[in-house]
K.L.:
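The structure follows.
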Amino acid sequence: MTHPFHPLKGEEFELVGFAHTWGEHRVFFRKPADQRVHSLPAAWTDVEEPDLFVAMSGGRSLFRPDDLLALAGLLEDLHPPKRHRRVRRTTPEV
């Protein structure tokens, strides 16, 4: 585990698998004395090359720009801009 803010940082686990699921590369692993299979984003481990932004920021940034942009998009979807009632939206007739 290499993610700087994960509570298991520095721990090593038995790698069970690696796959592209839930829209990202993930690792599947077992904790010692635990038969359950857990999964994490591969970017949080040393299975893949380190993220270039994470390497260059040297721990000075808590979030990657791509992640912040994705979060902003999700928040906008949850709370779309309110339309003023005085402005009427018109669409061309087809």
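Values reported hereafter were calculated over all heavy atoms of this structure, with side chains retained and with hydrogens, waters and symmetry mates removed. For this chain, numbers begin at 1 and follow the sequence in order.
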K.L.:
Kindly state each residue pair satisfying salt bridge (Lys or Arg N to Asp or Glu O under 4.0 Å) with at least one member in residues 65-76, sequence neighbours excluded.
P.N.:
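Only Arg64-Asp67 qualify under salt bridge (Lys or Arg N to Asp or Glu O under 4.0 Å).
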K.L.:
Identify the residue among Val16, Thr45, Asp46 that makes a side chain to side chain contact (heavy atoms under 4.5 Å, CB included) with Val27.
P.N.:
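Exactly one pass, corresponding to Thr45.
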K.L.:
Sequence neighbours left out, what passes side chain to side chain donor-acceptor pair (under 3.5 Å) with Glu24? Give chain and number order.
P.N.:
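With neighbours one apart ignored, the set is Arg26.
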K.L.:
Going only through I, L, V, M, F, W and Y residues with side-chain contacts under 4.5 Å, is there a path from Leu8 to Leu40?
P.N.:
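As far as the 4.5 Å side-chain criterion goes, Leu40 and Leu8 are connected within one cluster.
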K.L.:
On a heavy-atom basis, which atom in Ser39 and which in Trp22 lie closest, and how many Å separate them?
P.N.:
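Of all heavy-atom pairs spanning Ser39 and Trp22, the closest is OG-CZ3, 3.6 Å.
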K.L.:
Can you get from Phe18 to Phe29 by hopping between Ile, Leu, Val, Met, Phe, Trp and Tyr side chains that sit under 4.5 Å apart?
P.N.:
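Looking at the clustering, Phe29 is in the same group as Phe18.
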K.L.:
Could you work out, with side-chain contact (heavy atoms from CB on, under 4.5 Å) as the rule, every residue matching Glu12, not counting sequence neighbours?
P.N.:
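With neighbours one apart ignored, the set is empty.
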K.L.:
For Leu68, give me all partners under side-chain contact (heavy atoms from CB on, under 4.5 Å), at least two apart in sequence or on another chain.
P.N.:
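Applying side-chain contact (heavy atoms from CB on, under 4.5 Å) to Leu68 gives Phe63.
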K.L.:
Should we say atom NE2 of His20 is surrounded by more than 12 heavy atoms from elsewhere, each under 6.0 Å from it?
P.N.:
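Yes, NE2 of His20 has more than 12 neighbouring heavy atoms, counting only those of other groups under 6.0 Å.
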K.L.:
Report whether Val47 and Phe28 are members of the same hydrophobic cluster (ILVMFWY, side-chain heavy atoms less than 4.5 Å apart, transitive linking).
P.N.:
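In one cluster: no.
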K.L.:
For His38, check side chain to side chain donor-acceptor pair (under 3.5 Å) against everything at least two apart and list the hits.
P.N.:
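His38 satisfies side chain to side chain donor-acceptor pair (under 3.5 Å) with Asp34 only.
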K.L.:
Tell me whether Trp44 shares a hydrophobic cluster with Val37, the cluster being built from Ile, Leu, Val, Met, Phe, Trp, Tyr side chains joined at under 4.5 Å.
P.N.:
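Trp44 and Val37: separate clusters.
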K.L.:
The criterion is side chain to side chain donor-acceptor pair (under 3.5 Å); which residues satisfy it with Glu48, sequence neighbours excluded?
P.N.:
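Counting only residues at least two positions away or on another chain, Glu48 forms a side chain to side chain donor-acceptor pair (under 3.5 Å) with His25.
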